[in-house]
Asker: 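Provided herewith is a single structure, encoded as C-alpha cells, for subsequent inquiry.
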Amino acid sequence: MGDAMKIEQICKSFNNDRTRLMDIVRTIQETFGYVPPEHYELIAREANTHRVEVESVVSFYSFLSDRKQGGVVLRLCNDIIDRFKGADAVAEAFEKELGISMGETTPDGLFTLEWTACIGMSDQAPAALANDTVLTHLTPEKVPGILEALRKNPDPQALVAECGDGGNADPLVKAMVQNNICERGEVLLADNDPEAGLRKAMEKTPEEVIADMKESGLRGRGGAGFLAGLKWEFTRNAKGDGKYILCNADEGEPGTFKDRVLLTERADLMIEGMTVAAYCIGAETGIVYLRAEYAYLRALLEEVLNRRRAAGLLGNSICGRDGFNFDIRIQMGAGAYVCGEESSLISSCEGTRGDPGDRPPFPAIAGYKVAPTAVNNVETYCCAARVMDKGPVWFENIGTEHSSGTKMLSICGDCERPGIYELPFGVTVAELLEKVGAENAAAVQIGGPSGQMLDRSQYGRAISFEDLPTGGSIMVFGRQRDLLEVVDAFMEFFVDESCGYCVPCRVGNVLLRNRLERIRNGKGIPEDLAYLEKLGISTRRMSRCGLGQTSPNPILSTLENFRPIYNALVREDRSGLAKSFDVLRAVEPACELTGRRSVIFHA
Amino acid sequence: MSKPKVATTSLAGCFGCHMSLLDIDERILELVELIDFDKSPIDDIKTFSNRCAVGLVEGGCCNEENVHVLQEFRKHCDVLISFGDCATMGGIPAMRNNIPLTECFDEAYRSGLTVYNPDNIVPNDPELPLLLDKVYPAHEVVKMDYFLPGCPPSADTLWAVLTALLTNQPVELPYELLKYD
C-alpha cells in the first residue's frame with residue numbers, strides 16, 4: 001500500500017475529524033517513524049483542516065518529528081535530578097557507543113538520541129524512554145548492553161528483564177518502573193471499597209453531591225487549588241449541552257511522579273471520580289489526557305475502561321440508571337509541558353498546538369469544543385470518589401483548615417528514601433525531610449521549577465494551600481550542589497517549554513537566563529540582580545498563562561532566599577565598561593573574514 | 001561658571017535622532033544659552049576637549065570603531081543617554097543579529113542577485129573598521145544612565161529631557177511624548 005493510501009486510511013480511522021489531529025499525526029508518526037512534510041497537504045485535506053495546522057502541530061510537540069527518526073528513539077531525561085544522578089555520563093556513553101550526538105539519528109536508521117524534559121521517574125533516575133518503554137537507574141556501564149540487545153531485538157520492551165512492583169508487573173504494563181510508595185495515607189493509597197463512592201453518589205441528587213464536594217473542602221490537586229465542588233457547580237449551571245469531564249494526566253512539572261503511581265495503582269478510583277463528576281455535571285463524554293511519557297500505561301488504562309464498560313460502570317445507563325450515560329476516551333499528549341495548563345490541554349485535545357487560551361471565559365463556561373468543561377487533576381478525581389464514599393466530614397477533618405485531605409508528594413533528589421508519600425496537608429518541610437532521610441538538606445524546591453526554593457530557615461513551613469502549595473513535586477538538594485546550576489536548569493526548561501505565544505514568556509525567560517549565566521560566569525555586577533528582579537516580576541505579571549506567570553520563580557525565589565550566593569558572584573565595577581562585553585571576541589568573525597587584526601583593540 | 005558641555009554621537013544609527021535634535025528649531029538658541037557642544041557632529045568637533053556633563057548616544061555598536069567611540073564617551077561624560085531605539089535596543093541594524101556575519105557578507109558582496117564581484121573579495125581596506133559579530137545596544141558595551149525610546153524621540157521629548165537634566169529638575173515625560181503608535 002502506498003504512503004498516501006496509508007495516510008488516508010489513518011485519517012479515516014479518526015473519522016476525518018480535525019479535532020483528532022493529535023491522534024492522526026501520532027499514528028502517522030508511529031507508522032512512518034515521522035510525519036512526512038511532503039504529506040502535510042494530504043493530511044490537511046483528509047482531516048478537513050489547513051496545512052499550517054498540521055505543520056504547527058508537528059513542530060509544536062517534542063515527540064512529533066518532521067524528520068525520519070530511528071526505529072528506536074532514545075529519550076534521556078534531562079531534568080536536574082537526573083543530571084545530578086549522572087544523566088550526562090549516560091548521555092555521553094550513548095553518544096560514544098552510537099557515534100552520534102544528542103538530537104541525531106544513526107546512519108543505519110536504528111537509533112535516534114534525544115534529550116527530553118522530566119519523564120516522571122526522578123525517584124529512579126537517571127531514566128530514559130526507549131520508544132514507549134521506560135528504562136530506569138541507568139548507568140554508563142549499562143549502555144553497551146542495552147544497545148547490543150536492541151540491535152538483536154529492536155523491541156525495547158525486551159529490555160525489561162524484571163518488572164516493578166504492583167501494577168507495573170501487570171501483563172499490560174510490564175515496566176521496570178517501581179512505585180516507591182513510602183507512606184500510604186488514608187485517602188488515596190489506603191485500601192478502598194471499589195465503587196462505593198459512585199454508588200453512594202448515585203443515591204443522592206447531583207446537587208447534593210456538589211454540596212458534599214463543597215463541604216469537603218476538596219481543592220484541585222494540580223496546584224492552583226480551586227475548590228472542586230465549586231468548579232463542578234459552575235460547570236453544571238453553565239448553559240450548553242454536551243458538557244465534558246477532562247482529566248489532566250499530563251504530569252509535566254519536573255520532579256512530579258505521583259500521578260504515575262495513581263494511574264498505575266488507582267486507575268479505577270480516578271475513573272470512578274470522573275464518573276461522579278459526570279453524574280453531577282450531566283456530562284456524557286470524558287477525556288483522560290495522558291502525557292506521552294506515560295504511554296506505557298495506556299494499555300492498562302484502556303483495559304480499565306473496557307472492564308468498566310462491561311460491568312456497566314461506563315457507557316449507557318450506568319449502574320442501571322436510565323439516562324446516566326458517560327464514556328471516556330484517552331487522549332495521548334505528545335511531549336509538551338504547557339499542555340498541563342488547562343486551556344492548553346483543551347487546545348491539545350481539540351487537535352491543535354497546545355496554546356493557552358484567554359480566560360475568561362473559563363473552561364467551566366466554554367472549554368473543550370466551547371462546551372462547559374470540568375478539568376481536574378488525576379488526584380482530584382481520586383479524592384472525589386473517596387469523599388463520596390467516606391463523607392465530606394471525614395475528608396474535611398484530615399489536613400488543615402483551608403487544605404482538606406491528604407496530598408500525594410513525590411520526593412526526589414539528595415535523600416535516602418525518594419518516592420511517594422501520601423501525607424495529610426499541614427506536614428512541615430522538616431518532617432518531610434526526616435521521613436525521606438535528608439535532615440541536612442541545603443535547599444528544598446517545593447512545587448517543581450514553577451514553585452519556590454526554600455532555605456533551612458523555612459523548613460518549619462507547612463505543605464498546604466495557605467502556606468506552601470505544591471502539585472506534588474519536592475526536590476531535595478544537598479550541600480554539595482550548586483544551587484544556581486539548579487536555577488539555570490529550571491530556566492533552560494522554561495525556555496524550551498514556553499509555547500511562544502506571548503512575548504513576556506517567550507523573550508523574558510531567555511533574557512532572564514542569559515543574565516543568570518552572565519552572573520554565573522563571574523561577569524555580573526550588582527545592578528544585574530535588580531535587573532533580574534525587575535524583569536522577573538514583569539514576566540510574571542505580563543504572561544498569558546501559568547507557565548510564564550511562574551517561570552521566573554526559580555530566580556525570584558532564590559534571589560529572596562539565597563541572596564548571599566548571588567552577592568558573592570557579582571562585583572562592583574567603576575570603569576563603566578560592561579564586563580560581559582568582550583570586544584576581541586566580537587570582532588573575531590570579522591578578523592577571520594578579512595584576515596586582519598583590529599587596529600584599535602589588538603594593540 | 002562655564003556652561004556644561006554636551007557631546008553627541010551617531011554610532012550604528014541613521015542620524016535620524018540627530019535630525020530630531022535639530023527639530024527643536026529655534027529653541028536651539030535657548031539650548032546654547034544653557035550648554036556648549038563638545039565632540040559632536042553638530043559642531044564637527046572630532047575629539048573630546050573637555051569633561052562633559054551629558055553624552056547623547058544615537059545607535060548601537062555594529063563595529064569596533066563604534067565600541068571605541070562609546071568607550072571614550074563613557075570616559076569623558078558624567079551622564080550617558082541612549083538616545084533612540086537603536087542605541088536602546090539595537091534597532092534596525094540589529095536585524096542582522098540572527099544571521100552569521102559570513103552570510104551577511106556573502107549576500108551583500110559575493111552572491112547577492114545584483115552583485116558583480118568577479119574577484120570574490122570583501123571590502124577590506126584598513127580604514128574600514130571591523131564589523132562586530134552582531135549589533136549590540138549601547139548598554140551591553142558600557143553602562144548607560146538613561147534610555148530615551150523612540151524612532152526617533154521627538155524634538156519635544158529631547159527638549160524636555162535635556163532642559164530638565166541641565167537645570168537639575170526631575171524629568172517629566174507625559175504620555176504623549178513617549179507614545180509611538
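Quick note on labels: first sequence line is chain A, next is B, and so on, each numbered from 1. Everything quoted here is computed from the prediction, not taken from an experiment.
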Asker: Side chains of B:D106 and B:S111: do they bring a donor and an acceptor to under 3.5 Å?
Answerer: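 B:S111 and B:D106 do not have a side-chain donor-acceptor pair below 3.5 Å.
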
Asker: Apply the test salt bridge (Lys or Arg N to Asp or Glu O under 4.0 Å) to residues A:E492 and A:R83: give CA-CA distance (whole Å), side-chain angles for both, the deciding distance (0.1 Å), then the verdict.
Answerer: CA-CA 13 Å; A:E492 180 188 1; A:R83 298 236 289 256; 3.6 Å; yes

Asker: Please report whether the ring centroid of B:F73 lies less than 6.0 Å from that of B:F48.
Answerer: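 That pair passes the under 6.0 Å test.
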
Asker: Side-chain donor-acceptor pair under 3.5 Å between B:S82 and B:H139, yes or no?
Answerer: no

Asker: Would you kindly say whether A:S575 and A:D573 are connected by a side-chain donor-acceptor distance under 3.5 Å?
Answerer: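 Yes, side-chain donor-acceptor contact under 3.5 Å.
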
Asker: Does A:R513 make a cation-pi contact with A:F494, if we ask for NZ or CZ under 6.0 Å from the ring centre and within 45° of the axis?
Answerer: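 Judged by the rule, A:R513 and A:F494 form no cation-pi pair.
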
Asker: Please classify the contact of B:D125 with chain A as side chain, backbone, both or neither, using a heavy-atom distance under 4.5 Å.
Answerer: backbone

Asker: Against chain B, work out which of A:G595, A:P589, A:S580 has the most heavy-atom pairs shorter than 4.5 Å and name it.
Answerer: A:P589

Asker: As an exercise: rank B:N124, B:L70, B:L132, B:V142 by heavy-atom pairs under 4.5 Å with chain A and give me the winner.
Answerer: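 Among B:N124, B:L70, B:L132, B:V142, the one with the most close pairs to chain A is B:N124.
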
Asker: Checking B:V141 against chain A: side chain, backbone, both or neither under 4.5 Å from a heavy atom?
Answerer: both

Asker: Can you tell me which portion of B:P100 sits under 4.5 Å from chain A's heavy atoms? Options are side chain, backbone, both or neither.
Answerer: neither

Asker: Check each atom of A:E588 against the heavy atoms of chain B and say whether the ones under 4.5 Å are side chain, backbone, both or neither.
Answerer: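 It is neither, since no heavy atom gets under 4.5 Å.
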
Asker: Counting only non-hydrogen atoms closer than 4.5 Å, does B:L80 touch chain A with its backbone (N, CA, C, O), its side chain (CB onward), both, or neither?
Answerer: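 For B:L80, there is no contact with chain A at all, as no heavy atom is under 4.5 Å.
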
Asker: What residue in A:A586, A:A590, A:A578, A:C591 has the most heavy-atom pairs under 4.5 Å with chain B?
Answerer: A:A586

